[in-house]
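Single-structure report; data block below.
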Number of protein chains: 2
Amino acid sequence: MMGETKPKTRTKTALTGATRKGVETRNRIIKGAREALEQGGMEALTTRRIAASAGVKLATLHYYFDSKESLLLAVLEDLIADMEVTYRQDVALPEAPEDRVEALIRASWRYIQRTRNKQISQTELTLYALRTKGSEWLAARQYNAYIDFYGHLVFVDDRDEDLRRIGRAVARQMLIGIDGIILQSYALQDLSASNDDIEALITAMRGYLRRLLVERDKAR
Amino acid sequence: MMGETKPKTRTKTALTGATRKGVETRNRIIKGAREALEQGGMEALTTRRIAASAGVKLATLHYYFDSKESLLLAVLEDLIADMEVTYRQDVALPEAPEDRVEALIRASWRYIQRTRNKQISQTELTLYALRTKGSEWLAARQYNAYIDFYGHLVFVDDRDEDLRRIGRAVARQMLIGIDGIILQSYALQDLSASNDDIEALITAMRGYLRRLLVERDKAR
DNA sequence: GTCTATAAAATGATAGAC
DNA sequence: GTCTATCATTTTATAGAC
């Protein structure tokens, strides 16, 4: 959030005064872009399609965004902000950290199964950011947002420096597993194999967390 | 390899007699597409750029491929075939299966670190296949090729049905971890964190393999 | 089998009226 | 702030000479 290299192509509303209606329209365009992306994928994502999907004329789109690139990066930013408010609510939270890890993986897996195009879109956008020079920081922010989120769910109280570190390590590992299974489950389309993989992932993550906690206790 | 639904848009050389020179040119175009993709990403991958990168005129490209889509799918097929011959050679093979798993993960991690654009390209193409109706089978084949490959390296002798099953389960899990770490390591750019993640992945995979073997022995 | 030339459509972006 | 109209390229793809 601090010290980031902001992209050269910033949106016009960031410069002007940002009217009420202006903000609404801008959000509608971003929303339209997300829907067009989910439906048709990156290859078919043109400014015209986005404008149509947002119920706005092409020129209006360009009034709010200097370029297609700046719009796509704004979409990714929106996705990040969205995650931070959406996910934070509806995850059941058992008491023990290990159980929370398990619950979190199961919840993610259910979500992945019913949001195929959304997940693919998100990966496409991440790759787009990694490909777009000067925008790699956005991909980093996306991952850090997820790591923060997962990390806080493992250890709600993060005043303990050690626990915070451990929570983030487990979060990174969970995220690796989830990203990996997104690609593989959509590609293989073998539900029973993916279910086995989820169980294996849960076992591994519980073990990893346990191990990190034991190591910490030893080091005292 | 058998019983797959072939894409409607097949290449012209598959229909005609396939001259020596013709096959060479076709391969050069595919190679050119791979290089153009690695350098500029999907967004910038136009038929003109591919033709230029292959040292061929645009019309020649269209002589060999009905459409851009059929070319891209051919590129993914080529990537799969390439993996099967390239990887199979230069992986050091310790004796114990657990050690082989570890060696394989370490080798993959080294490779990932020095082939960023290649890995991103491959993921972009996989997503493209998942997005392209009627071509999901290609993504499945890609993953099955990797699973076969990793699986055979875990248990070289696969006449034992149980061992083959276990090898494939471990392979799927390794692939999940590797795919996940590809995205995360490029996004976060935090080498020490990624190194920790690799060690955790190794520990988890050794544990998973051990557990599957114990379960098998119990079931006798 | 490879080329030159060109068609036909699509795309990102802008000018200027309202 | 949103629109109509249009520009300037670019893109995929084809026709036809060699």
Side-chain angles (χ1 to χ4, degrees), chain A residues 7-33 36-37 39-75 128 131-132 135, chain B residues 7-33 36-37 39-75 128 131-132 135:
Chain A
K8 273 164 279 179
T9 47
R10 49 170 60 197
T11 61
K12 280 172 183 168
T13 44
L15 301 171
T16 62
T19 320
R20 262 180 309 285
K21 182 158 59 155
V23 175
E24 272 172 34
T25 308
R26 188 176 185 275
N27 285 336
R28 197 142 45 86
I29 293 170
I30 290 176
K31 191 80 179 297
L37 177 57
Q39 283 196 335
M42 265 288 188
E43 182 88 349
L45 191 68
T46 67
T47 50
R48 275 181 164 77
R49 244 181 278 273
I50 293 171
S53 167
V56 155
K57 294 299 171 183
L58 183 57
T60 305
L61 184 154
H62 274 104
Y63 174 79
Y64 286 98
F65 299 95
D66 286 334
S67 63
K68 184 185 175 182
E69 176 182 322
S70 72
L71 168 54
L72 290 188
L73 297 178
V75 169
Y128 177 80
R131 282 291 200 188
T132 305
S135 301
Chain B
K8 272 165 280 180
T9 46
R10 47 172 59 196
T11 61
K12 282 171 183 168
T13 45
L15 300 171
T16 61
T19 322
R20 261 180 310 285
K21 183 159 58 157
V23 175
E24 273 172 34
T25 307
R26 187 176 185 275
N27 286 336
R28 198 143 44 85
I29 293 171
I30 290 177
K31 191 82 180 295
L37 177 57
Q39 283 194 336
M42 265 288 188
E43 183 87 350
L45 191 68
T46 65
T47 49
R48 272 182 162 78
R49 244 181 277 274
I50 293 172
S53 166
V56 156
K57 294 298 171 184
L58 184 57
T60 304
L61 183 152
H62 275 104
Y63 174 79
Y64 286 98
F65 299 94
D66 286 333
S67 63
K68 184 184 175 184
E69 177 182 322
S70 73
L71 168 53
L72 291 188
L73 297 179
V75 169
Y128 177 80
R131 283 291 199 189
T132 305
S135 300

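Quick note on labels: first sequence line is chain A, next is B, and so on, each numbered from 1. For clarity, every value in this text was computed on a predicted model and none was experimentally measured.
- When all heavy atoms of B:Ser70 and B:Phe65 are compared, the pair lying nearest together is OG-CB, 3.7 Å.
- Considering only side-chain N and O atoms, B:Tyr64 lies under 4.0 angstrom from the phosphate OP1 or OP2 of C:dT2.
- Using a 4.5 Å heavy-atom threshold, the side chains of A:Leu73 and A:Tyr128 count as touching.
- Rounded to whole angstrom, the span from the CD1 atom of B:Ile50 across to the P atom of D:dT11 amounts to 11 Å.
- A:Leu61 places its CG atom 13 Å from the P atom of C:dT11, with the value rounded to the nearest Å.
- Comparing A:Thr46 and A:Ala59 against DNA chain C, the residue whose closest nucleotide sits nearer the 5' end is A:Thr46.
- One finds no side-chain N or O of A:Arg49 lying less than 4.0 angstrom from the OP1 or OP2 phosphate oxygen of C:dA10.
- Closest of all the heavy-atom pairs between A:Leu72 and A:Met42 is CD1-CE, 4.2 Å.
- A:Ala33 approaches A:Leu45 most closely through the heavy-atom pair O-CD1, 3.9 Å.
- The distance from atom CG of B:Leu58 to atom P of D:dA13 is 9 Å, rounded to the nearest whole Å.
- Across all strands, A:Lys21 comes closer than 4.0 Å only to sugar-phosphate atoms, never to a base (heavy-atom distances).
- Atom CG in A:Leu72 sits about 9 Å away from atom P in C:dG12, given to the nearest Å.
- For the pair B:Asp66 CG and D:dA13 P, the interatomic distance rounds to 9 Å; values are reported in whole Å.
- When the nearest nucleotides of DNA chain C are assigned to A:Ala44 and B:Lys57 by heavy-atom distance, the more 5′-ward of the two goes with B:Lys57.
- Using a distance-only test at 3.5 Å, with no hydrogens or angles considered, no donor-acceptor pair links the side chain of A:Ser53 to the main chain of A:Arg49.
- One interatomic measurement links the two molecules: CE of A:Met42 to C1' of C:dT11, which rounds to 16 Å at whole-angstrom precision.
- Comparing A:Glu43 and A:Arg48 against DNA chain D, the residue whose closest nucleotide sits nearer the 5' end is A:Arg48.
- Look at B:Tyr63 and you'll find a side-chain N or O under 4.0 angstrom from OP1 or OP2 of C:dG1.
- Computed from coordinates, the A:His62 NE2 to D:dC7 C1' distance equals 13 Å when rounded to whole Å.
- When the C1' atom of C:dA10 is taken as reference, atom CG of A:Leu45 falls 14 Å away, rounded to whole Å.
- The A:Thr25 side chain lies nearest to D:dT2 when the options are C:dC3, D:dT2, C:dT2.
- For C:dG1, the OP1/OP2 oxygens have no side-chain nitrogen or oxygen of B:Thr60 closer than 4.0 Å.
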